[in-house]
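Along the sequence shown, residues are numbered consecutively beginning with 1. Only heavy atoms go into these numbers, but all of them, side chains included; no hydrogens, no water, no symmetry mates.
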Amino acid sequence: MSSRFFMPESVVILDAIAIQRALTRIAHEIAERNEHSSEVVLVGIPLLGDHLAARLGKNLSSIWNHPVPVGILDVTMHRDDLDQRAAPTVHPTVMPFDVNGKTVVLVDDVLFTGRTTRAAMDALNDFGRPKKIQLAVLIDRGHRELPIKADFVGKNVPTAVNEKIVLRLTETGLPHDEVWLQKTSHP
């Protein structure tokens with residue numbers, strides 16, 4: 001009887017410098033697309049979108065020469081797969097501004113099926129009615145299950161369904177920033 005097993009293989013697809021460049025480019029694209037900078041707020045989706053939103057906020061503040069409000073929006077209770085999770089982890093939501101009439105840029109690390117973004121839009125409705133919602137992601141890996149498309153993308157990384165994107169940031173206690181593509185292969 002032959003035994004088959006899968007061996008994980010990881011490849012760095014973005015190093016710290018590439019992540020910084022992608023976020024700088026995204027910030028400039030947000031600035032170009034939004035002429036009324038005072039109406040723009042950033043809302044990060046935990047676990048890592050909140051850190052990326054903070055970085056984008058600093059970049060935009062230097063472009064626009066004024067602070068850009070940054071919030072954190074937990075989407076756990078708005079997910080459509082909540083019944084499939086044993087004990088969901090709820091993260092703090094911090095929205096230190098009014099979203100009514102604002103252009104809200106949702107920030108997430110990886111766009112995959114689109115379900116987290118849908119949950120974020122539902123959760124955002126609990127805080128008011130934005131004028132516009134835009135989506136910024138560091139990685140778009142494809143495989144959408146909902147008609148959701150990012151407005152700002154750091155890198156498009158076509159993946160297989162069984163592959164995984166892993167983002168590592170210094171804000172989480174790691175020594176440096178990296179984005180990895182983890183795939184399985186036959187030996």
Side-chain angles (χ1 to χ4, degrees), residues 13-14 19 22-23 25-27 29-30 33-34 40-57 60 68-97 99 102-169 171-172 174 177-183:
I13 55 175
L14 292 176
I19 292 171
L23 291 174
R25 183 174 36 79
I26 289 171
E29 290 173 1
I30 291 169
R33 195 163 312 164
N34 294 287
V40 175
V41 297
L42 302 175
V43 176
I45 302 169
L47 285 172
L48 298 172
D50 51 347
H51 299 300
L52 297 174
R55 291 185 188 190
L56 283 172
L60 282 167
V68 176
V70 178
I72 301 169
L73 181 64
D74 181 70
V75 302
T76 304
M77 301 312 289
H78 291 272
R79 293 190 58 90
D80 61 3
D81 61 353
L82 193 57
D83 62 337
Q84 299 170 15
R85 295 170 180 242
T89 304
V90 178
H91 303 279
T93 290
V94 180
M95 297 290 278
F97 45 79
V99 300
K102 299 288 187 183
T103 296
V104 175
V105 180
L106 290 173
V107 182
D108 205 0
D109 56 345
V110 178
L111 178 56
F112 182 35
T113 63
R115 293 186 180 279
T116 298
T117 303
R118 187 219 38 90
M121 289 189 290
D122 287 350
L124 193 58
N125 285 333
D126 292 345
F127 292 91
R129 187 168 190 254
K131 176 181 174 183
K132 186 187 309 183
I133 299 173
Q134 297 173 338
L135 177 62
V137 298
L138 184 60
I139 303 291
D140 183 344
R141 62 172 289 195
H143 301 285
R144 221 70 77 238
E145 295 174 0
L146 299 172
I148 290 174
K149 182 178 186 287
D151 298 280
F152 313 103
V153 178
K155 184 171 179 75
N156 286 294
V157 181
T159 62
V161 175
N162 64 341
E163 293 175 325
K164 186 176 179 180
I165 299 287
V166 178
L167 180 59
R168 299 176 179 156
L169 297 176
E171 289 91 339
T172 62
L174 297 168
D177 297 338
E178 290 178 329
V179 178
W180 290 75
L181 173 63
Q182 292 182 341
K183 43 186 161 180

> Would you say Val68 and Val41 make side-chain contact, with heavy atoms under 4.5 Å?
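When only atoms from C-beta onward are counted, Val41 and Val68 do not touch, as no gap falls below 4.5 Å.
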> ring-ring contact (aromatic ring centres under 6.0 Å, His included) with Phe112: which residues, sequence neighbours excluded?
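Residues passing ring-ring contact (aromatic ring centres under 6.0 Å, His included) with Phe112: His143.
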> Does a side-chain heavy-atom distance below 4.5 Å link Leu138 with Leu48?
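The answer is no, as the side chains (C-beta and beyond) never meet within the 4.5 Å cut-off.
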> For residues Ile148 and Met121, determine if any side-chain heavy atom of one lies less than 4.5 Å from a side-chain heavy atom of the other.
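The answer is yes; the side chains approach within 4.5 Å.
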> Is there a side-chain contact between Thr159 and Lys183 in this structure, where contact means two heavy atoms from C-beta onward sitting under 4.5 Å apart?
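Answer no - side chains too far apart.
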> Compare all side-chain heavy atoms of Arg118 with those of Thr113 and state whether any distance is below 4.5 angstrom.
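No; the side chains remain at least 4.5 Å from each other.
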> Answer whether the closest heavy-atom distance between the side chains of Ile72 and Pro46 falls below 4.5 Å.
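With C-beta onward as the side chain, the pair touches.
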> Of all the heavy-atom pairs spanning Ala136 and Val105, show the shortest one and how long it is.
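Nearest pair, atom of Ala136 first, then Val105: CB-CG1, 3.9 Å.
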> For the pair Leu167 and Leu52, evaluate side chain to side chain contact (heavy atoms under 4.5 Å, CB included) and give the outcome as yes or no after the intermediate values.
CA-CA 11 Å; Leu167 180 59; Leu52 297 174; 4.0 Å; yes
> Restricting to side chain to side chain contact (heavy atoms under 4.5 Å, CB included), what partner residues turn up for Val70, sequence neighbours left out?
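Val70 satisfies side chain to side chain contact (heavy atoms under 4.5 Å, CB included) with Leu42, Ala53 only.
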> Decide side chain to side chain contact (heavy atoms under 4.5 Å, CB included) for Phe97 and Val104; before the verdict, give the C-alpha distance in whole Å, the side-chain angles of both, and the deciding distance to 0.1 Å.
CA-CA 11 Å; Phe97 45 79; Val104 175; 5.7 Å; no
> Determine whether Asp50 and Val94 satisfy the following criterion, side chain to side chain contact (heavy atoms under 4.5 Å, CB included), listing intermediate values before the conclusion.
CA-CA 10 Å; Asp50 51 347; Val94 180; over 6 Å; no
> Which pairs count as side-chain hydrogen bond (donor to acceptor under 3.5 Å, both in side chains) when at least one residue sits in residues 145-157, sequence neighbours excluded?
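Output for this query lists Arg115-Glu145.
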> Between Thr89 and Thr76, is there a side-chain heavy-atom distance shorter than 4.5 Å?
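No. Closest side-chain heavy atoms not under 4.5 Å.
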> What I'd like to find out is whether the side chain of Val110 reaches to under 4.5 Å of the side chain of Val157, using heavy atoms alone.
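No, too far: nothing below the 4.5 Å cut-off.
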> Atom CD1 in Ile13, atom CG in Leu181: separation rounded to 0.5 Å?
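Between atom CD1 of Ile13 and atom CG of Leu181 there are 5.5 Å.
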> Pairs in or reaching into residues 115-134: which pass ring pair (Phe, Tyr, Trp, His ring centres under 6.0 Å), with residues at least two apart or in two chains?
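Every pair satisfying ring pair (Phe, Tyr, Trp, His ring centres under 6.0 Å) with a residue in residues 115-134: there are none.
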> Could you tell me whether Glu163 and Arg141 make a salt bridge, using a distance below 4.0 angstrom between a side-chain N and a carboxylate O?
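Here Glu163 does not pair with Arg141 in a salt bridge, since their nearest N and O are not under 4.0 Å apart.
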> Please enumerate all residues that pass side chain to side chain contact (heavy atoms under 4.5 Å, CB included) together with Asp126, with sequence neighbours excluded.
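Per chain and number, Asp126 pairs via side chain to side chain contact (heavy atoms under 4.5 Å, CB included) with His78.
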> Output all residues satisfying side chain to side chain contact (heavy atoms under 4.5 Å, CB included) with Leu174, sequence neighbours left out; order by chain, then residue number.
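Here the qualifying residues are Arg168, Thr172.
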